[in-house]
Amino acid sequence: MANPDQKTILIDNAYEEIKKICINLQKDTNASNSELKSLLKIIINEWEEKDEQKTGFGFR
């Protein structure tokens, strides 16, 4: 990938930031991988619900 577009760069940056947050959360709280996955699923569901309310349709 010689010239990634801006969207790809933003997604990659967001992934790295979320990964750092998750690692720090596990270090600070001793949360398990399954607990972290559960938390991320809850966040995604909340985000999708708010987005659906805003736009009137989902992206699934």
Side-chain angles (χ1 to χ4, degrees):
M1 184 182 271
N3 291 316
D5 63 3
Q6 188 64 29
K7 184 176 179 180
T8 303
I9 293 169
L10 291 173
I11 290 170
D12 289 346
N13 288 344
Y15 172 80
E16 289 301 322
E17 289 297 318
I18 292 168
K19 184 177 171 183
K20 288 178 192 175
I21 291 168
C22 290
I23 289 169
N24 288 335
L25 178 63
Q26 281 190 302
K27 285 180 183 176
D28 293 345
T29 65
N30 294 319
S32 67
N33 286 343
S34 62
E35 290 172 317
L36 199 56
K37 286 178 186 179
S38 178
L39 176 61
L40 290 171
K41 285 179 184 179
I42 291 168
I43 292 169
I44 289 168
N45 288 336
E46 289 290 323
W47 186 5
E48 286 177 345
E49 285 177 18
K50 287 182 182 181
D51 198 40
E52 188 174 317
Q53 289 173 358
K54 197 183 321 179
T55 61
F57 58 90
F59 292 104
R60 290 183 177 219

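In what follows, residues are counted from 1 in the order of the sequence shown. Atom set for the values below is all heavy atoms of this structure, side chains included, hydrogens, waters and symmetry mates excluded.
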Apart from I43 itself, its cluster of hydrophobic side chains linked below 4.5 Å comprises L25, L36, L39
The reported gap from CG in N13 to CD1 in I18 (rounded to nearest 0.5 angstrom) is 11.0 Å
Value for CD1 (I11) from NZ (K7), rounded to nearest 0.5 Å, stands at 5.5 Å
The side-chain hydrogen bond (donor to acceptor under 3.5 Å, both in side chains) partners of S32 (sequence neighbours excluded) come to S34, E35
